[in-house]
Participant: 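Dropping the structure in here first, questions after.
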Amino acid sequence: MFPQRLCMQHLKQVLKHTVRNYSGSGNIPHVCVVGSGPAGFYTAQQLLKGNNKIHVDIYEKLPVPFGLVRYGVAPDHPEVKNVINTFTQTANNERCTFIGNVCVGQDISLSELQKCYTAVILSYGAEDDRKLNIPGEDVQNVVSARNFVGWYNGLPEDKNLDIDLDTDVAVILGVGNVALDVARILLTPIDILAKTDITEYSLERLRKSHIKRVILVGRRGPLQVAFTIKELREMIKLPGCRPVLHTQDYTGLDSIYKDLPRPRKRLTELMYKTAITPTETDYKLWNNATKEWELRFRLSPLEILHDGVKASGVKFGVNRLEGSDMVNQKCVLTDETESVPCGLVLRSIGYRSHQIDSSLPFDVKNGVIDNTRGRVKDMKGIYCSGWVGTGPVGVILGTMTDGFDVGKTVLKDLDTGLLDTISNREDALQLLQRRGVKTVSFKDWNKIDMIETTDGENIGKPREKIADIDKLLNIAHA
Amino acid sequence: MSGLAGMRCVVPKFAQFVMRPMALTTTCINRKPNILLGARRFTTSVSTRAKETVSIQFVCDDGTKYTTNAKVGDNLLDVVIENDIDLDGFGACEGTLACSTCHLILEQSDYDKLPQEPTDEELDMLDLAYGLTDTSRLGCQIIVSKDMDGLVVRVPDGVADAREP
Ligand SMILES: Cc1cc2nc3c(=O)[nH]c(=O)nc-3n(C[C@H](O)[C@H](O)[C@H](O)COP(=O)(O)OP(=O)(O)OC[C@H]3O[C@@H](n4cnc5c(N)ncnc54)[C@H](O)[C@@H]3O)c2cc1C
Ligand SMILES: NC(=O)c1ccc[n+]([C@@H]2O[C@H](COP(=O)([O-])OP(=O)(O)OC[C@H]3O[C@@H](n4cnc5c(N)ncnc54)[C@H](OP(=O)(O)O)[C@@H]3O)[C@@H](O)[C@H]2O)c1
Ligand code: FES
């Protein structure tokens with residue numbers, strides 16, 4: 001058995017080399033990544049590291065790189081954005097090319113890319129919303145958290161968001177980290193926000209906001225919240241703001257959380273202590289608060305109430321929780337209902353991805369590309385990494401791990417001869433040029449970056465983002 | 001189209017020229033005071049004068065061992081960077097307590113000996129780390145002291161498969 005295996009391996013090696021030596025413009029594999037968020041950059045990083053010949057092109061729909069690190073991560077979390085320094089290094093690698101302002105699926109098709117590259121890695125994230133599909137969801141001032149985040153972060157498509165902050169109560173549906181981000185931005189003292197890279201136009205609107213109370217509503221209980229402890233602690237310590245936690249939601253939890261795995265245990269313990277046994281320091285912090293945030297549980301939105309035009313409240317169905325596994329209990333609607341009046345409803349129940357090409361196998365239910373460990377189902381040479389493949393869950397750490405994993409898979413497939421070495425990137429670039437697509441290079445981005453940071457410095461901010469596509473392109477191509 | 005073909009590299013020179021492929025991903029952190037870092041920078045290392053060093057070993061899950069010269073007063077993230085150790089993604093937030101990629105695991109006795117206990121904020125971040133243990137710490141929060149000579153720390157692997165539930 002053994003010698004035979006050895007021979008097979010040798011044969012594979014020879015084959016691999018033969019294929020490499022006789023294909024296209026030499027033996028340099030060109031691959032492309034679609035999307036320049038953390039998934040795209042971390043996958044590219046792994047590919048460049050693992051193969052010292054490979055050339056990686058990163059296509060990005062927008063004229064600027066970094067995906068949700070620029071357009072998702074909250075402006076008051078600048079330290080999270082330090083990952084940009086590593087991405088910049090990857091982009092500056094001489095075997096890596098950033099090609100911005102190219103919408104794959106529109107400006108160039110997946111099959112066209114396939115003809116030019118050894119492998120195509122789809123890392124285009126999850127840019128759609130999950131919807132509730134309940135009556136009233138489309139009335140004025142029912143806003144998706146995704147759009148609200150895009151608005152304060154300067155995402156071009158959201159810069160003109162229709163939102164009215166002239167109301168005292170906002171309800172946020174969902175209790176994940178995005179919900180907390182949104183609540184924090186609505187409640188943080190404006191002078192603190194003014195020192196971040198939040199867009200100036202949203203800062204102006206927030207300055208005039210009348211929102212005093214933000215109610216976050218979960219359909220299950222405190223043991224099932226999706227936010228994490230760091231973000232919760234930040235809310236509890238938010239200057240000028242008091243948490244409203246209802247003691248009955250937490251009574252008895254102390255006997256349960258003791259035995260939970262550490263992250264869930266510490267998270268539940270923090271909620272419990274804040275609700276039941278706040279300290280002197282807590283009280284001192286909250287005493288002079290002028291605003292508050294409230295956590296409500298076991299409520300499923302049934303209908304958005306409105307006055308014919310605009311949201312005026314949410315009608316909820318009261319849930320009971322079922323299941324012996326406390327942390328994974330499911331909610332079941334009862335006949336009881338409760339209405340909560342408010343002037344603004346923010347829906348924060350998660351993101352979903354979409355299909356950029358009809359040939360892509362897509363899992364419509366979960367909103368992700370059908371794949372096994374990054375290999376797209378039944379499509380040789382097509383891979384996916386990050387949220388488009390895993391679903392919109394987890395932090396950058398998880399996306400990084402996935403990006404590295406998928407990068408390694410591609411390298412392995414390249415090594416074992418599973419992929420045909422194709423090196424026709426020039427064809428793709430020529431095609432784009434013929435179609436009049438004005439691409440943006442990383443050097444062009446540096447120009448934008450410089451102007452944004454200078455504009456920011458002038459008004460005491462780390463950066464003032466430009467939210468207008470034409471302006472961005474004008475600077476890039478000046 | 002001009003920008004596409006003729007892009008030249010500007011940032012870290014050594015990453016381009018060093019032949020080892022690993023140099024590309026060694027977390028070469030932008031050490032210049034970054035505006036983004038603001039006041040939240042936790043790194044304590046300063047002084048340019050030659051400092052006393054101790055030997056600290058980093059052991060990866062695949063068995064690779066790196067023995068380093070660690071400057072007293074530096075944190076363990078600084079040590080990884082200064083010794084040019086290639087750990088994928090290590091130190092993504094550059095020591096600002098915002099990522100948990102600098103997760104390290106210590107022996108119980110070493111863990112107990114550390115002069116500073118982890119703060120709530122460090123524990124909060126650790127809660128997101130893969131393979132969390134009772135003796136886990138964040139490397140960027142551990143300050144090298146003289147009595148750490150010979151310390152061995154384990155670098156846990158990232159999650160084996162981020163896609164598994
Ligand atoms: C509001 C919010 C806040 C967050 N805050 C944090 C945080 O503080 N800390 C943390 O660790 N994690 C945070 N996360 C999670 C983190 O952002 C994700 O883990 C990560 O961004 C996912 O990376 P990705 O590359 O898969 O997707 P994305 O970051 O979305 O990147 C996808 C990229 O693909 C591009 N693209 C889309 N379609 C196309 C196309 N057709 N052609 C070409 N390009 C295309 C997009 O423009 C985008 O640049 C946050 C997430 C959200 C939503
Ligand atoms: N600071 C940070 O680190 C940070 C910031 C932002 C985002 N992120 C990460 O990005 C990811 C996405 O965040 P996210 O907040 O959008 O998603 P998420 O964490 O999945 O939270 C979604 C929330 O919506 C609820 N929900 C879903 N469908 C619902 C429905 N039909 N009716 C009522 N409620 C519903 C969920 O409740 P159920 O549990 O009952 O389904 C959950 O509370 C998360 O992994 C998050 O940690 C991190
Ligand atoms: S480097 Fe990010 S927490 Fe230590």
Side-chain angles (χ1 to χ4, degrees), chain A residues 42 45-46 48-52 77-86 88-90 92-94 96-99 195 228-230 233 262-263 266-267 371 373-374 389-390 394-402 404-405 426 429 432-433 439-444 446 453 456-457 462-463 476, chain B residues 1-12 15-16 19-30 32 34-38 40-42 86 88-89 91-101 103 120-121 123-130 132-134 157-163:
Chain A
Y42 282 124
Q45 182 181 329
Q46 189 65 238
L48 292 163
K49 172 192 176 181
N51 181 314
N52 57 17
H77 285 170
E79 45 317 310
V80 176
K81 303 186 199 195
N82 281 351
V83 292
I84 285 176
N85 295 330
T86 308
T88 299
Q89 240 179 293
T90 301
N92 283 324
N93 184 303
E94 55 190 353
C96 183
T97 311
F98 172 80
I99 310 171
K195 296 194 187 85
T228 44
I229 188 165
K230 178 177 186 258
R233 200 183 294 283
R262 174 170 139 184
R266 294 186 67 248
L267 175 64
N371 73 94
R373 301 201 65 153
T390 60
V395 291
I396 295 171
L397 170 70
T399 305
M400 175 181 94
T401 312
D402 189 57
F404 287 161
D405 266 3
E426 295 307 328
L429 301 180
L432 288 168
Q433 198 176 26
T439 58
V440 173
S441 70
F442 207 74
K443 248 192 189 166
D444 296 335
N446 287 335
T453 41
E457 266 166 45
R463 164 188 308 276
Chain B
M1 193 60 54
S2 61
L4 291 178
M7 267 194 35
R8 281 187 46 229
C9 311
V10 225
V11 172
Q16 302 167 43
M19 288 308 284
R20 283 176 312 141
M22 67 154 95
L24 292 169
T25 53
T26 304
T27 334
C28 316
I29 276 155
N30 191 348
K32 73 169 194 264
N34 192 320
I35 325 170
L36 289 177
L37 296 174
R40 300 220 209 178
R41 196 160 166 109
F42 283 78
D86 178 40
D88 279 340
C93 80
E94 310 189 346
T96 57
L97 215 41
C99 74
S100 79
T101 57
H103 178 199
D120 281 342
E121 285 70 21
L123 294 171
D124 290 356
M125 223 47 246
L126 268 171
D127 280 355
L128 293 181
Y130 295 123
L132 177 67
T133 71
D134 288 339
D157 224 355
V159 73
D161 184 356
R163 285 154 196 273

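Everything quoted here is computed from the prediction, not taken from an experiment.
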Participant: So, do B/Leu128 and A/Lys230 sit near enough that their side-chain heavy atoms are less than 4.5 Å apart?
Facilitator: no
Participant: Any non-hydrogen side-chain atom of A/Gln46 less than 4.5 Å from a side-chain atom of B/Asp88?
Facilitator: yes
Participant: Any chance you could measure A/Ile229, atom CD1, to B/Asp120, atom CG, to the nearest 0.5 Å?
Facilitator: 7.5 Å
Participant: State which residues pass side chain to side chain donor-acceptor pair (under 3.5 Å) with A/Arg266; sequence neighbours excluded, sorted by chain then number.
Facilitator: B/Asp124, B/Asp127
Participant: Once rounded to the nearest 0.5 Å, what's the spacing between atom NE2 of A/His77 and atom OG1 of B/Thr96?
Facilitator: 11.0 Å
Participant: Would you give the length of the straight line joining atom OG1 of A/Thr228 to atom CE of B/Met125, rounded to the nearest 0.5 angstrom?
Facilitator: 7.5 Å
Participant: Which pair of heavy atoms, one from A/Gly398 and one from B/Tyr130, lies closest together, and at what distance?
Facilitator: CA-OH, 3.1 Å
Participant: Write down the atom of A/Leu397, the atom of B/Ala129, and the distance for their closest heavy-atom approach.
Facilitator: CD2-CA, 4.4 Å
Participant: Which heavy-atom pair separates A/Glu79 from B/Cys93 by the least distance, and what is that distance?
Facilitator: O-CB, 3.9 Å
Participant: Which pair of non-hydrogen atoms, one from B/Thr101 and one from A/Met400, has the smallest distance, and what is that distance?
Facilitator: CG2-CE, 3.7 Å
Participant: Quick check on B/Leu132 against chain A: is it the side chain, the backbone, both or neither that has a heavy atom closer than 4.5 Å?
Facilitator: side chain
Participant: Answer with side chain, backbone, both or neither: which region of A/Arg262 has an atom nearer than 4.5 Å to a non-hydrogen atom of chain B?
Facilitator: both
